[in-house]
Q: 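This structure is in structure tokens; I'll ask about it shortly.
A, B, ... follow the sequence lines: proteins, then strands. Residue 1 opens every chain.
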Amino acid sequence: AQKVTQAQTEISVVEKEDVTLDCVYETRDTTYYLFWYKQPPSGELVFLIRRNSFDEQNEISGRYSWNFQKSTSSFNFTITASQVVDSAVYFCALTMNQAGTALIFGKGTTLSVSS
Amino acid sequence: SAVISQKPSRDICQRGTSLTIQCQVDSQVTMMFWYRQQPGQSLTLIATANQGSEATYESGFVIDKFPISRPNLTFSTLTVSNMSPEDSSIYLCSVASGGGNTIYFGEGSWLTVV
């Protein structure tokens with residue numbers, strides 16, 4: 001069975017702090033895709049990143065970075081120098097190789113950044 | 001990428017009524033997905049809609065309660081029937097693009113049942 005675990009329910013930081021959101025996944029498939037989405041209070045889901053199981057390179061996009069480690073089945077997300085606008089719920093999700101396979105979501109981590 | 005539009009964005013509905021949510025995509029897609037997000041919860045898949053065939057429902061969701069139409073490759077509707085306060089949720093439409101490897105969401109439809 002596939003599963004995504006986001007153990008951190010809520011995180012509160014002060015602006016300019018770095019913060020890491022954890023994501024641990026379970027799957028028996030050798031090919032899969034991992035995602036991170038941001039859901040601001042307005043409710044829409046904003047796509048942040050997709051990573052396939054064969055690419056373990058870490059990725060950096062501005063203040064965002066992702067650390068994918070197959071050995072620990074983790075796909076953690078770090079925000080550097082957090083800002084108030086980063087306040088949102090962040091979801092990690094998993095899907096299998098087949099085109100059109102639906103996402104399996106973690107329960108989400110609520111990040112609150114105060115000024 | 002795919003641009004997905006959902007209507008309505010928000011609505012307040014009376015108990016016992018039904019509401020149809022529309023999802024329009026700017027490109028042809030094979031699969032469309034409908035998710036529900038209850039207040040403070042994660043997203044749960046309701047059903048997968050493939051053009052030209054009956055939707056496939058996940059455990060806990062039935063066609064009588066959530067009938068889905070998929071008349072063409074760019075459009076789908078989800079109806080929430082005989083609504084109760086427990087149906088108050090965000091309903092999101094989603095499509096797989098780029099060979100199924102990137103998944104996009106609409107803005108969501110916030111339903112409040114009173």
Side-chain angles (χ1 to χ4, degrees), chain A residues 1-10 21-25 29 31-55 59 61 68 75 88-112, chain B residues 1-6 8-11 23 25 28-51 53 55-59 61 70 73 88-112:
Chain A
Q2 293 84 26
K3 184 179 179 182
V4 176
T5 301
Q6 294 179 255
Q8 305 151 307
T9 305
E10 295 184 15
L21 309 181
D22 297 333
C23 174
V24 174
Y25 62 92
D29 291 76
T31 303
Y32 51 89
Y33 297 84
L34 293 162
F35 295 75
W36 276 94
Y37 290 88
K38 173 182 180 181
Q39 187 177 43
S42 51
E44 77 272 23
L45 273 177
V46 179
F47 168 79
L48 295 178
I49 189 171
R50 170 185 66 88
R51 176 52 50 89
N52 74 55
S53 53
F54 298 108
D55 181 4
E59 182 156 340
S61 175
F68 177 34
F75 186 42
V89 182
Y90 291 85
F91 290 99
C92 181
L94 168 71
T95 188
M96 301 312 116
N97 181 44
Q98 299 171 5
T101 306
L103 286 166
I104 299 161
F105 281 87
K107 292 186 180 298
T109 297
T110 300
L111 174 64
S112 298
Chain B
S1 66
V3 177
I4 306 169
S5 300
Q6 277 187 241
S9 56
R10 288 178 183 268
D11 208 340
C23 178
V25 189
Q28 295 185 339
V29 294
T30 303
M31 295 283 201
M32 294 177 78
F33 306 92
W34 287 98
Y35 289 84
R36 181 176 74 180
Q37 186 180 21
Q38 294 177 302
Q41 302 297 314
S42 186
L43 283 79
T44 301
L45 181 66
I46 298 171
T48 302
N50 198 359
Q51 193 268 336
S53 63
T56 302
Y57 289 81
E58 298 298 305
S59 175
F61 297 97
R70 183 79 201 275
L73 291 172
S88 298
S89 298
I90 305 175
Y91 292 86
L92 296 111
C93 171
S94 170
V95 302
S97 182
N101 300 329
T102 301
I103 300 174
Y104 297 96
F105 286 82
E107 315 96 326
S109 297
W110 292 65
L111 299 190
T112 301

Q: Using non-hydrogen atoms only, which part of A:Thr110 is less than 4.5 Å away from chain B: side chain, backbone, both, or neither?
A: neither
Q: If you take all heavy atoms of B:Gln37 and A:Phe91, which pair is closest and at what distance?
A: NE2-CZ, 3.5 Å
Q: The criterion is side-chain contact (heavy atoms from CB on, under 4.5 Å); which residues satisfy it with A:Trp36, sequence neighbours excluded?
A: A:Gln6, A:Leu21, A:Cys23, A:Leu48, A:Ile49, A:Trp66, A:Phe75, A:Phe77, A:Tyr90, A:Cys92
Q: Side chain, backbone, both or neither: which part of B:Leu43 has a non-hydrogen atom closer than 4.5 Å to chain A?
A: both
Q: Output the distance between atom OH (B:Tyr35) and atom CG (A:Leu45), rounded to the nearest 0.5 Å.
A: 9.5 Å
Q: Does A:Gln2 have any side-chain contact (heavy atoms from CB on, under 4.5 Å) partners at least two apart in sequence or in another chain, and if so, which?
A: A:Thr27, A:Asp29, A:Leu94, A:Met96, A:Ile104
Q: What's the shortest heavy-atom distance between B:Ser42 and A:Phe105, and which atoms?
A: OG-CB, 3.4 Å
Q: With a 4.5 Å limit on heavy-atom distance, are the side chains of A:Leu103 and B:Phe105 in contact?
A: yes
Q: If you count every heavy atom of other residues, nucleotides or ligands that lies below 6.0 Å from A:Lys107 atom NZ, does the total exceed 12?
A: no
Q: So which of A:Gly43, A:Ala93, A:Gly108 has the largest heavy-atom pair count under 4.5 angstrom toward chain B?
A: A:Gly43
Q: Between A:Gln39 and B:Ile90, is there a side-chain heavy-atom distance shorter than 4.5 Å?
A: yes
Q: A:Phe47 and B:Ile103: which non-hydrogen atoms are nearest, and at how many Å?
A: CD1-O, 4.3 Å
